Amino acid sequence: MENQISLYNTLTRRKELFEPMSPPHVGLYVCGPTVYGDAHLGHARPAITFDLVFRYLNHVGYKVRYVRNITDVGHLENDADVGEDKVAKKARLEQLEPMEIVQYFTNRYHHDMEMLNVLPPSIEPHASGHIIEQIDLVKKILDSGYAYEENGSVYFDVVKYNREHNYGKLSGRSIEETLENTRDLAGQEEKHNQVDFAIWKKASPEHIMRWPSPWSSGFPGWHLECTAMGCKYLGDTFDIHGGGMDLIFPHHESEIAQAVAANGRDHVRYWMHNNMITINGQKMGKSLNNFITLGEFFSGKQASLEQAYSPITIRFFILQAQYRSTLDFSNEALKAAEKGLKRLLAAAETLRSLAPSANSTLDVAGLRQKCYDAMNDDFNSPILMAHLFDGVRMINSVKDGKETISATDLDLLRKTFTVFIFDILGLKDEGKSSAGNDELVEGLMQTILDIRKEAKLKKDWPTADKIREHLTSLNIEVKDTKEGAVWGMKE
RNA sequence: GGUUUCGUGGCCGAGUGGUUAGGCAGCGGUCUGCAAAACCGUGUACAGCGGUUCGAAUCCGCUCGAAACCUCCA
């Protein structure tokens with residue numbers, strides 16, 4: 001590989017050179033959504049972060065198998081193990097089949113992701129479709145002695161595991177402290193220790209999502225699915241596992257424990273975690289009830305939104321921050337993103353019609369290298385964007401005749417812009433497809449603008465202004481530029 | 001309370017020992033019948049107090065403030 005990528009590994013808490021186990025193949029697993037509600041801005045962050053990782057690894061020549069699961073079982077709603085399954089709860093409230101809910105929100109999730117130009121993963125396994133694998137995993141853990149059965153449920157013996165391995169290697173916490181600080185929760189009599197967690201849970205009579213198992217009719221534990229599906233599709237040990245920072249403990253910590261207990265070897269080599277999106281300085285999340293769904297952003301129909309924001313604006317906004325930093329939502333920040341995106345795309349468009357000169361006064365190769373350097377340094381998209389904006393200045397300067405560019409450099413700059421803006425950052429010009437592609441409309445508009453042009457040549461300003469005003473009232477915006485009048489639909 | 005992380009100019013957000021991050025807004029200018037847009041130029045900021053150093057936003061200590069995790073959570 002020509003590009004040496006370094007990435008921040010949560011396991012070691014530092015940046016490390018990325019070396020896949022069996023290049024050029026790379027295994028990438030990312031925790032996907034729990035489909036019991038619409039995706040909100042917070043869900044867009046890991047999707048876009050790891051879409052960037054997926055796109056870049058592919059770009060530099062790796063063959064990536066990207067697995068992102070759909071969680072449609074488990075994940076208990078209330079404290080400890082006495083709660084009911086989130087999906088099941090919603091189902092009963094609305095008198096729908098659980099799988100109907102799952103399908104409905106999965107479809108909507110896919111739609112939102114497509115809008116954000118997030119590429120589909122290579123495999124998108126459902127937890128409910130891997131009950132057999134999960135039961136197998138429970139058996140393995142029982143066989144290796146790191147779990148015990150109690151009244152139809154199976155619990156992971158964290159204390160025993162911690163004696164031989166390090167439960168806490170990822171999150172950096174010690175089990176002793178955790179033991180001291182864990183609250184007393186009801187319904188935990190079955191557990192030998194408070195830190196133990198269920199890997200198979202017997203279903204209560206009213207619990208409708210349930211599967212037969214050697215221990216009881218029940219359902220798999222919260223952390224089991226990712227271990228089971230990750231190992232199934234990527235191997236017992238694989239390259240990269242990603243997800244939100246809020247999953248580090250206990251979810252990912254427990255995933256490691258389950259995998260090591262079952263397979264006796266290391267689970268994941270590089271753990272990557274994206275930071276949270278905040279609103280008023282606080283995490284945007286389901287439980288805090290302060291989230292804004294992606295659909296609401298796209299439509300602008302939500303109390304705290306001053307306007308609609310297009311999917312690609314949202315994408316640009318998220319990529320403007322490095323994935324390990326928190327990112328604070330505000331209308332002001334989003335509007336800034338919208339304008340910046342527009343300027344970047346306008347320059348990309350200008351680039352297509354730029355004329356070359358005999359030689360260059362610009363360092364295009366240097367710019368290109370800086371772009372790669374930024375991405376190689378832990379996928380630093382904001383730095384990449386800063387360099388691209390330097391490119392924007394170059395393009396406009398050439399257009400103004402202040403700088404010149406050779407044919408070779410022009411070609412290189414075009415390639416650089418295309419690769420980084422569209423292929424890697426995954427941005428796109430949304431305006432292009434939505435308006436102005438209809439032949440009839442295009443013809444009519446051309447006729448009208450021609451008439452206006454003639455009026456302007458005769459300095460018949462009232463007529464010219466009248467045409468513009470009438471079009472404005474139809475939501476069509478006309479702007480007189482040096483190259484003539486251009487029109488577009490107002491947002 | 002414990003663990004971890006953070007505090008950068010009006011806003012968002014990089015950087016992390018010595019040289020301009022970048023975007024948006026603002027200001028100045030160019031273009032322009034008007035309007036809008038576009039383009040160019042422009043800002044010495046780094047929570048506070050000490051310390052280390054020739055030199056700190058960057059390292060160390062303390063203080064203040066904020067967040068995440070410890071319970072489902074992207």
Side-chain angles (χ1 to χ4, degrees), chain A residues 10 13 30-34 36 39-50 71 74-80 83 85-86 168 171-174 176-178 180-183 185 195 222 242-251 253 273-278 281-288 291 316-317 320-322 324-344 346-347 350 374 377 380-390 392-393 395-397 399-400 402 456 459-461 464-465 468-469 472 477-483 486 488:
Chain A
T10 309
R13 293 178 193 273
V30 175
C31 291
T34 305
Y36 66 103
H40 58 72
L41 187 59
H43 293 102
R45 176 93 113 144
I48 289 173
T49 295
F50 293 103
T71 295
H75 287 245
L76 303 172
E77 176 117 295
N78 299 323
D79 279 348
D85 190 300
K86 266 184 181 166
S171 56
R173 62 187 73 212
S174 78
E176 291 77 15
E177 281 165 2
T178 308
E180 283 168 22
N181 290 296
T182 305
R183 288 187 246 158
L185 299 168
V195 282
W222 331 339
M245 269 186 188
D246 49 354
L247 297 178
I248 293 174
F249 191 90
H251 186 58
E253 195 69 65
H273 292 95
N274 62 275
N275 214 137
M276 302 293 105
I277 286 184
T278 56
Q282 220 184 15
K283 172 183 166 182
M284 182 181 284
K286 203 128 222 155
S287 40
L288 291 165
F291 60 92
F316 184 91
F317 170 69
Q320 239 182 343
Q322 213 270 349
R324 286 190 290 115
S325 303
T326 53
L327 173 61
D328 200 52
F329 154 81
S330 72
N331 280 283
E332 210 178 350
L334 239 21
K335 283 180 196 166
E338 185 177 50
K339 290 204 173 177
L341 169 66
K342 205 172 163 191
R343 197 157 90 89
L344 183 63
T350 303
D377 184 13
N380 201 323
S381 51
I383 293 283
L384 166 61
M385 284 163 129
H387 294 315
L388 290 173
F389 275 102
D390 285 341
V392 169
R393 193 157 294 115
I395 291 165
N396 290 327
S397 299
K399 188 189 170 198
D400 287 355
K402 289 177 185 163
K456 283 183 66 175
K459 296 203 189 293
D460 178 5
W461 310 128
D465 289 348
R468 188 170 61 196
E469 280 158 25
T472 302
E477 195 172 29
V478 176
K479 293 173 200 162
D480 293 319
T481 70
K482 258 184 258 179
E483 288 78 31
V486 294

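Lettering follows sequence order; numbering is per chain, from 1. In this text, all values refer to a predicted model and were calculated from it rather than measured experimentally. The figures that follow rest on heavy atoms only: side chains count, while hydrogens, waters and symmetry mates do not.
Distance check on atom P: U19(B) versus C39(B) gives 30 Å, rounded to whole Å. Taking atom P in both C46(B) and A56(B), the straight-line distance is 14 Å, to the nearest Å. Comparing the same atom, P, in A25(B) and in C11(B) gives a spacing of 16 Å after rounding to whole Å. Of the P atoms belonging to G17(B) and G13(B), the separation is 22 Å, rounded to the nearest Å. Only the C1' atoms considered, G23(B) is 35 Å distant from U53(B), to the nearest whole Å. Comparing the P positions of C6(B) and U16(B) gives an interatomic distance of 12 Å, to the nearest angstrom. Remark: the separation of the P atoms in G48(B) and G65(B) is 15 Å, to the nearest Å. Taking the P atoms as reference points, G41(B) lies 23 Å from A36(B), given to the whole Å.
Counting heavy atoms from C-beta on, the side chains of Lys456(A) and Asp480(A) come closer than 4.5 Å.
Note on Asp328(A): only backbone sugar-phosphate atoms sit closer than 4.0 angstrom, heavy atoms only; bases stay farther off. Nucleic acid contact class of Met245(A) (heavy atoms, under 4.0 Å, all strands): none. Within 4.0 Å of Thr49(A), counting heavy atoms only, lies no atom of the nucleic acid at all. Across all strands, Asn380(A) comes closer than 4.0 Å only to sugar-phosphate atoms, never to a base (heavy-atom distances). Within 4.0 Å of Val478(A), counting heavy atoms only, lies at least one base atom of the nucleic acid. Across all strands shown, Lys283(A) has heavy atoms under 4.0 Å from base atoms, whether or not it also approaches the sugar-phosphate. Across all strands shown, Leu344(A) has no heavy atoms under 4.0 Å from either base or sugar-phosphate atoms. Here Lys335(A) lies out of heavy-atom contact (under 4.0 Å) with every strand. Residue Gly42(A) is classed as a base contact, given a heavy-atom separation below 4.0 Å to a base. Looking at heavy-atom distances under 4.0 Å, Thr326(A) makes contact with sugar-phosphate atoms alone, never a base. Nucleic acid contact for Leu247(A): sugar-phosphate only, since backbone atoms but no base atoms lie under 4.0 Å from a heavy atom of the residue.
Here the side chain of Asn396(A) is nearest to one of C40(B), C12(B), A21(B), namely C40(B). When the nucleotides A68(B), C24(B), C69(B) are ranked by their closest atom to the side chain of Phe249(A), C69(B) comes out on top. Nearest to the side-chain atoms of Arg173(A) among the listed nucleotides G2(B), G33(B), A14(B) stands G2(B). If you check A74(B), A21(B), G23(B) against the side chain of Ile383(A), the one that comes closest is A21(B). Taking only side-chain atoms of Asp465(A), from C-beta outward, the nucleotide of G23(B), A14(B), C34(B) with the closest atom is C34(B).
G23(B) has no base stacking with the ring of Phe389(A) when judged by centroids under 5.5 angstrom apart and an interplanar angle below 30°.
Of the side-chain N and O atoms in Arg324(A), none sit less than 4.0 angstrom from OP1 or OP2 of U4(B).
Judged by distance alone with a 3.5 Å cut-off, a donor-acceptor contact links the side chain of Arg468(A) to the base of C34(B).
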